Amino acid sequence: MPELPEVETTRRGIEPHVIGRAVRGLILRRADLRWPFPQALQNLIGERITVAERRAKYLLLHSRPGAALLHLGMSGSLRIVDAGLPPRLHDHVDIVLDDGRALRFNDPRRFGALLWQVAGEVHPLLQGLGLEPLGPDFSGEHLFALSRGKRTTVKVFLMDQAVVVGVGNIYAAESLFRAGIDPRREAGKVSLARYQRLADAVRDILAHAITRGGTTLRDFLNPEGEPGYFEQELQVYGREGLPCRVCGTPLRHATLGQRATVWCPRCQR
DNA sequence: CATCGGACCTGTTAGC
DNA sequence: TGCTAACAGGTCCGAT
């Protein structure tokens with residue numbers, strides 16, 4: 001489900017509810033999601049949450065001894081609920097706050113994660129991540145430099161979290177459409193000028209999607225329980241066979257890197 | 001090394 | 001209507 005805009009929407013939704021709150025308790029209704037919940041998570045209890053940070057598609061709830069590190073995987077979501085509200089199916093974890101509410105982590109497919117990052121350290125999962133696409137250093141030059149010699153497709157390259165973070169299957173397709181680049185192109189053969197267009201497209205689309213509250217295809221809801229509206233503006237994702245919104249040509253479909261890929265054969269070269 | 005495929009899960013939908 | 005197969009927003013890890 002969540003790519004960068006959905007994770008950022010989630011972060012903004014929970015931030016006002018968790019900042020300055022102390023953690024009263026942790027309810028773990030199972031022992032793991034993608035990985036076992038570490039014992040060190042108990043360090044959060046009694047501590048005050050100081051910062052709600054997003055890095056790539058991870059969320060970090062910082063406290064004095066360390067941070068709870070969350071990943072929403074394909075189907076995870078967070079909600080702010082009254083702590084007494086009975087849990088529903090796949091509500092795996094509650095972080096209970098001192099105001100009678102709780103941050104509730106729901107994840108049907110259980111590809112998500114809840115881990116612990118010791119204060120002053122960087123969790124191994126966060127090491128080796130690429131640039132933030134909305135940060136100051138992300139650029140066409142960066143994409144161009146890292147892509148030299150790469151035989152993979154430009155779409156798979158763009159979704160490599162070691163290159164640039166936060167771009168998943170939806171936004172990769174949309175960005176390549178905006179930049180006019182055929183997703184099947186060999187990454188190492190795309191020109192600097194085209195990577196500059198692509199970097200601009202990634203930045204613009206992600207930033208705009210955040211203002212729309214993300215993309216709700218089936219079940220993404222922000223922590224207030226509201227959907228996102230960016231899907232109304234999707235140009236290619238999920239539209240295979242339908243006419244291109246720009247030129248009317250039927251959109252093509254192929255599988256790249258085991259992911260469904262859609263593009264306009266006329267607008268994207 | 002870079003690249004590829006399998007694996008981890010459940011829920012929904014398309015197709016027979 | 002009911003069953004089955006395919007597919008879904010992610011990414012780690014092992015094999016090649």
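All values below come from the heavy atoms of this structure, side chains included, with hydrogens, waters and symmetry mates left out. Source: prediction; values computed, not measured. Protein chains get the first letters and strands the later ones, always in sequence-line order, with residue 1 at the start of each.
A salt bridge links A:E186 with A:R151: the distance from a Lys NZ or Arg NE/NH1/NH2 to an Asp or Glu carboxylate oxygen falls below 4.0 Å. Ion pair A:E174/A:R178 not flagged as a salt bridge, since none of the NZ, NE, NH1 or NH2 atoms sits closer than 4.0 Å to an Asp/Glu carboxylate oxygen. For the pair A:R24 and A:D99, the salt-bridge criterion is not met [side-chain N within less than 4.0 Å of a carboxylate O].
Using a 4.0 Å cut-off, some side-chain N or O of A:R259 falls inside it from OP1 or OP2 of C:dG10. When the side-chain nitrogen and oxygen atoms of A:R34 are compared with OP1 and OP2 of C:dC12, none of them lie within a distance under 4.0 Å. Distances shorter than 4.0 Å separate some side-chain N or O of A:H90 from OP1 or OP2 on B:dG11.
You'll find that the side chain of A:T152 is closest to B:dC4, out of C:dA8, C:dG10, B:dC4. For A:H71, the side-chain atoms get nearest to C:dG10 when compared with the rest of C:dG10, B:dT3, B:dG11. Nearest to the side-chain atoms of A:W35 among the listed nucleotides C:dC12, B:dG11, C:dG10 stands C:dC12. The side chain of A:Q161 approaches C:dT11 more closely than any other nucleotide in the set C:dT11, C:dA8, B:dG11. Picking from C:dT11, C:dC12, B:dG5 the nucleotide with the shortest atom distance to the side chain of A:Q258 gives B:dG5. Of the candidates B:dG11, B:dT3, B:dT10, the closest approach to any side-chain atom of A:L89 belongs to B:dG11. Relative to the side chain of A:A260, the nucleotides B:dG11, B:dC9, C:dA8 differ in distance, and C:dA8 lies closest. The side chain of A:M159 sits closest to C:dG10 out of B:dG11, C:dG10, C:dC12.
When heavy atoms are screened at a 4.0 angstrom cut-off, A:F230 is found touching no nucleic acid atom at all. Counting any heavy atom pair closer than 4.0 Å across all strands shown, A:Y237 reaches sugar-phosphate atoms only and no base atom.
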| message | Wobble G-U and Watson-Crick pairs count when both distances are under 3.5 Å; given that, what is the 5' to 3' dot-bracket string of DNA chain C, with | for pairing to other strands? | response | .|||||||.|||||||
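Within a 6.0 Å sphere centred on CZ of A:R55, heavy atoms belonging to other residues, nucleotides or ligands number more than 12.
Judged by atom type and distance alone, A:R110 does not reach the base of B:dC9 through any side-chain donor-acceptor pair under 3.5 Å.
For the P atom pair drawn from B:dG6 and C:dA6, the interatomic distance equals 14 Å after rounding to whole Å. As rounded to the nearest Å, B:dG11 and C:dC12 have C1' atoms that lie 23 Å from one another.
Side-chain contact between A:L131 and A:V165 is absent, with no heavy atoms from C-beta onward closer than 4.5 Å.
In this structure, the CG atom of A:L33 is 11 Å from the P atom of B:dC9, given to the nearest Å. Put simply, CD on A:E240 is 13 Å from C1' on B:dA14, counting in whole angstrom units. When the C1' atom of B:dC4 is taken as reference, atom CZ of A:F157 falls 18 Å away, rounded to whole Å.
Between A:Y58 and A:H71, the ring planes lie perpendicular to each other; the angle is over 60°, past the 30° to 60° tilted range.
Nearest heavy-atom pair across A:L129 and A:L125 is CG-O, 4.0 Å.
Stacking annotation: A:F111 is stacked on the base of B:dC8 (ring centroids less than 5.5 angstrom apart, interplanar angle below 30 degrees).
In this structure, the side chain of A:S63 does not engage the main chain of A:A67 through any donor-acceptor pair within 3.5 Å.
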